[in-house]
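Because the structure is predicted, anything quoted here is derived from the model rather than measured. Heavy atoms only: backbone and side chains are in, while hydrogens, waters and symmetry mates are out. Residue numbering restarts at 1 for every chain, and letters A, B, ... go by the order of the sequence lines.
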There are 2 protein chains.
Amino acid sequence: MNLKQLSEILNLSPTTVSRALNGYPEVSEATRKRVQAAAQAHGYAPNTRARSLATGRAHAIGHVIPVSSNHEMVNPVFADFIAGAGEVYSRNGYEMLLSVVSDEAEADAYRQFKVKGNVDGIIVHAPKMGDPRIHLLNELSLPFVVHGRASEEVEDYAWVDVNNFHAFERATRFLLDLGHRRIALVNGIETMDFAMRRRAGFAKAHEERGLSYDPSMCFADEMTESYGHDTARALLARGDAPTAFLVSSMITTIGVRRAIEELGLKLGRDVSVITHDDELSYFRNGADVPVYTATRSSVREAGRRAATILLDIIRGGDAPRQVLLEADLTLGQSTGPAPDRGRG
Amino acid sequence: MNLKQLSEILNLSPTTVSRALNGYPEVSEATRKRVQAAAQAHGYAPNTRARSLATGRAHAIGHVIPVSSNHEMVNPVFADFIAGAGEVYSRNGYEMLLSVVSDEAEADAYRQFKVKGNVDGIIVHAPKMGDPRIHLLNELSLPFVVHGRASEEVEDYAWVDVNNFHAFERATRFLLDLGHRRIALVNGIETMDFAMRRRAGFAKAHEERGLSYDPSMCFADEMTESYGHDTARALLARGDAPTAFLVSSMITTIGVRRAIEELGLKLGRDVSVITHDDELSYFRNGADVPVYTATRSSVREAGRRAATILLDIIRGGDAPRQVLLEADLTLGQSTGPAPDRGRG
DNA sequence: TGGGGTATCCAAAGCGCTTTGGAGATTGCT
DNA sequence: AGCAATCTCCAAAGCGCTTTGGATACCCCA
């Protein structure tokens with residue numbers, strides 16, 4: 001069933017049917033109703049490709065998912081981010097185009113999107129410091145929103161980010177307040193912008209109290225479970241073992257926890273842990289009392305916000321282009337006062 | 001830059017340029033080279049929408065991601081499955097269209113794909129027993145591959161599945177061999193086909209030894225971490241606590257582990273656990289010696305296989321349409337002989 | 001009655017590509 | 001040399017839709 005066939009059934013021209021369906025005023029309410037009813041009855045919906053070609057708008061948003069070439073890891077937050085963004089897209093009649101691409105090919109993926117004209121805008125994931133993609137996309141004049149920010153970037157661009165600096169600054173302060181002085185930072189790869197900011201917050205909290213931290217207790221890698229385990233295991237074997245961990249992801253925290261338990265230590269008593277919690281749907285941080293003390297911010301909500309901004313840009317709206325979300329610091333069972341010196 | 005402009009630069013007709021680029025034989029090798037070079041130089045790539053309209057092939061595959069309406073959960077295996085499928089798509093010049101949709105709206109999402117003509121095929125996720133989508137898609141005559149199977153379905157269809165029955169049968173046998181007699185099954189929702197099959201395998205292993213299992217030790221729910229925790233916590237408090245757990249997902253197993261440790265029990269000694277391991281990229285099951293004894297099957301590989309089959313169907317190929325992957329049973333540190341009766 | 005305004009509908013062009021059905025140039029063969 | 005076969009290339013139609021620029025019919029008022 002296409003437009004022409006439907007119009008023949010109705011004894012109308014394709015023009016009128018198209019206008020009726022798209023809400024143009026040049027058609028009487030009576031015929032509009034008639035057309036809508038017929039479209040419904042025959043299960044007609046305009047062919048996306050034809051409409052896109054005619055209007056020049058793809059009604060689709062592109063997401064480029066980078067797969068790190070070394071570990072072939074897919075960041076687990078993508079699923080939830082995409083779920084959030086997807087909600088907004090469907091509600092607005094947009095489609096989501098996913099491109100799974102290895103790191104190096106990413107820039108080219110954006111160019112392809114532009115040249116092939118199959119998206120109206122793009123969401124940029126996982127920006128690195130001074131990420132070149134921002135310049136590239138501005139140059140291509142393809143609307144985009146970044147999930148995160150790219151420091152050192154001077155150009156103007158739209159973004160949705162969590163205040164990672166502030167979150168980790170607060171978390172660190174909290175641990176210092178509890179008397180912890182040897183705090184390990186188990187961070188993401190620090191070319192990633194969020195990781196760099198978290199580290200800066202961690203450092204700032206020490207500085208402002210005139211304390212210094214041990215760089216040999218700061219780690220940066222892809223946030224897998226085994227990374228958390230192996231790092232914690234090694235650290236806890238040291239003579240000057242840390243009394244607290246600040247961990248950048250729930251998954252990695254699971255590994256840290258495993259190490260702690262293997263050594264017969266008790267979480268929240270012998271060792272304190274604060275994690276960053278993206279509120280992944282399958283990994284809620286406890287029900288009544290959270291299991292982990294955590295800096296918390298919903299990545300799904302971030303997805304919604306980013307999508308909303310992008311659609312607004314495409315429509316030429318004037319909503320704010322930059323959203324900085326503050327993370328909650330929720331108190332859970334994984335933190336406690338620093339144990340007496342006697343232990344170490 | 002479009003076809004016409006490029007052809008003007010080259011002093012050729014659009015026809016010739018199109019043919020040169022698409023490898024038709026009606027054009028000399030010399031001009032083909034010239035055309036390709038020019039396309040490269042000017043960064044030309046055909047407009048997807050126009051090409052789709054002309055050829056009637058969308059060069060895109062649709063994935064419908066259902067978001068369960070009650071818990072708003074996104075299955076964490078999707079990310080890895082999609083990464084696997086995405087690889088195959090990009091390699092073959094296909095795009096991936098994602099539709100995030102609540103359970104109820106799913107059937108309609110497929111109809112829309114068909115009517116709007118923006119995909120050439122569909123991957124069906126998370127089939128339920130006797131899933132109506134299979135009949136629907138056959139009726140729509142839209143090529144599709146199911147990730148999993150739908151028992152009670154008599155129609156013919158393409159699928160890629162893990163032998164869930166066999167995997168859980170073997171795992172159960174293994175626990176029985178170790179002397180375990182009270183085994184808890186912490187399963188996914190049992191309207192899901194895979195969950196039902198796993199339960200059947202679990203039952204079969206008992207039966208064939210003339211043993212019976214306690215239905216009050218069988219659970220079925222969305223596979224979150226807290227589900228695993230709360231279930232194990234409750235079970236271990238019982239007088240007839242299980243000595244072993246068979247768990248349907250790594251995430252849920254993390255919760256089970258947490259419960260075990262909270263109670264001061266030792267995994268692999270006091271309580272044995274076997275999990276199903278989808279080989280999620282961020283959650284590798286240990287390095288040298290696996291942490292968990294597990295039935296293991298790469299969901300990413302399943303994604304690759306499913307995508308490959310789908311493209312073959314679309315091209316009218318004749319590769320096998322049904323792939324049953326056997327899961328490995330890998331021995332890890334989470335299982336051991338059943339503890340003496342004395343303990344309970 | 002007749003001219004201007006308004007409401008309603010339509011014909012045709014065009015979006016950028018592929019593809020059918022030739023046309024012209026070149027070659028091979030007798 | 002002359003004709004058919006073969007190489008190259010091209011004009012034009014068409015994919016299904018939107019949109020510009022009318023055309024027609026109807027109404028109101030002088």
Side-chain angles (χ1 to χ4, degrees), chain A residues 1-36 38-39 42-60 93-95 112-120 315, chain B residues 1-36 38-39 42-60 93-95 112-120 315:
Chain A
M1 172 67 54
N2 60 24
L3 226 213
K4 199 171 154 208
Q5 294 168 357
L6 185 65
S7 69
E8 278 163 7
I9 291 179
L10 285 161
N11 267 326
L12 288 171
S13 75
T15 308
T16 305
V17 175
S18 169
R19 286 190 157 150
L21 257 24
N22 291 319
Y24 282 76
E26 297 94 334
V27 62
S28 73
E29 264 324 295
T31 55
R32 187 191 307 281
K33 288 261 188 287
R34 199 162 67 93
V35 170
Q36 280 170 343
H42 294 83
Y44 169 79
N47 180 298
T48 310
R49 307 182 304 242
R51 188 168 55 148
S52 293
L53 190 56
T55 58
R57 331 253 270 87
H59 274 272
Y94 274 72
E95 265 133 27
Q112 290 297 318
F113 270 145
K114 172 70 178 187
V115 170
K116 293 158 75 175
N118 44 11
V119 301
D120 296 330
R315 288 186 187 126
Chain B
M1 171 66 54
N2 61 23
L3 226 213
K4 201 172 152 207
Q5 293 168 0
L6 185 64
S7 68
E8 279 164 6
I9 291 179
L10 285 161
N11 269 325
L12 288 171
S13 76
T15 308
T16 305
V17 175
S18 170
R19 287 191 156 151
L21 257 24
N22 291 319
Y24 282 76
E26 297 95 334
V27 61
S28 72
E29 263 326 293
T31 55
R32 188 192 305 283
K33 288 262 186 287
R34 198 161 68 94
V35 170
Q36 280 170 343
H42 295 83
Y44 169 80
N47 181 298
T48 310
R49 308 184 303 245
R51 189 168 55 147
S52 293
L53 190 57
T55 59
R57 331 252 271 88
H59 274 269
Y94 273 71
E95 263 132 29
Q112 290 297 318
F113 271 144
K114 172 70 178 184
V115 171
K116 292 158 76 175
N118 43 12
V119 301
D120 296 330
R315 288 186 187 124

- Message: Nearest 0.5 angstrom please: A:Leu12 CG to A:Ser18 OG, how far?
- Response: 12.0 Å

- Query: Which heavy atom in B:Gln112 sits nearest to a heavy atom in A:Ala45, and how many Å separate them?
  - Reply: OE1-CB, 4.3 Å

- Shortest non-hydrogen contact between B:Asp120 and B:Tyr94, atoms and distance: OD2-CE2, 3.8 Å

- Query: So, do B:Arg34 and B:Leu10 sit near enough that their side-chain heavy atoms are less than 4.5 Å apart?
  - Reply: yes

- Query: Is A:Leu21 close to A:Gln36 at the side-chain level, that is, under 4.5 Å between some pair of heavy atoms?
  - Reply: yes

- Task: Give the rounded distance in Å between these two atoms: CG of A:Asn11 and C1' of C:dT8.
- Result: 16 Å

- Query: Between A:Glu95 and B:Asn118, what is the shortest heavy-atom contact and its length?
  - Reply: OE2-ND2, 3.0 Å

- Should B:Ser28 be listed as having a side-chain N or O under 4.0 Å from OP1 or OP2 of D:dC9? yes

Report each atom pair, protein N/O against N/O of nucleotides 24-26 of chain D, whose distance is under 3.5 angstrom.
none

- Do you know which two heavy atoms are closest between B:Leu53 and A:Arg49, and how far apart they sit? N-NE, 4.0 Å

- Query: Nearest heavy-atom pair of B:Tyr24 and B:Arg32: which atoms, and what distance?
  - Reply: O-NH2, 2.6 Å

- Message: Students often get this wrong, so: under 4.0 angstrom with heavy atoms, is A:Ser52 touching a base, only sugar-phosphate, or nothing?
- Response: nothing

- Message: Protein within reach of the bases, or only the backbone? For nucleotides 15-23 of chain C, mark each nucleotide 5' to 3' as B, S or -, using heavy atoms under 4.0 Å.
- Response: BBBBBBB--

- Query: CG of A:Leu10 versus C1' of C:dC9: gap in Å, rounded?
  - Reply: 13 Å

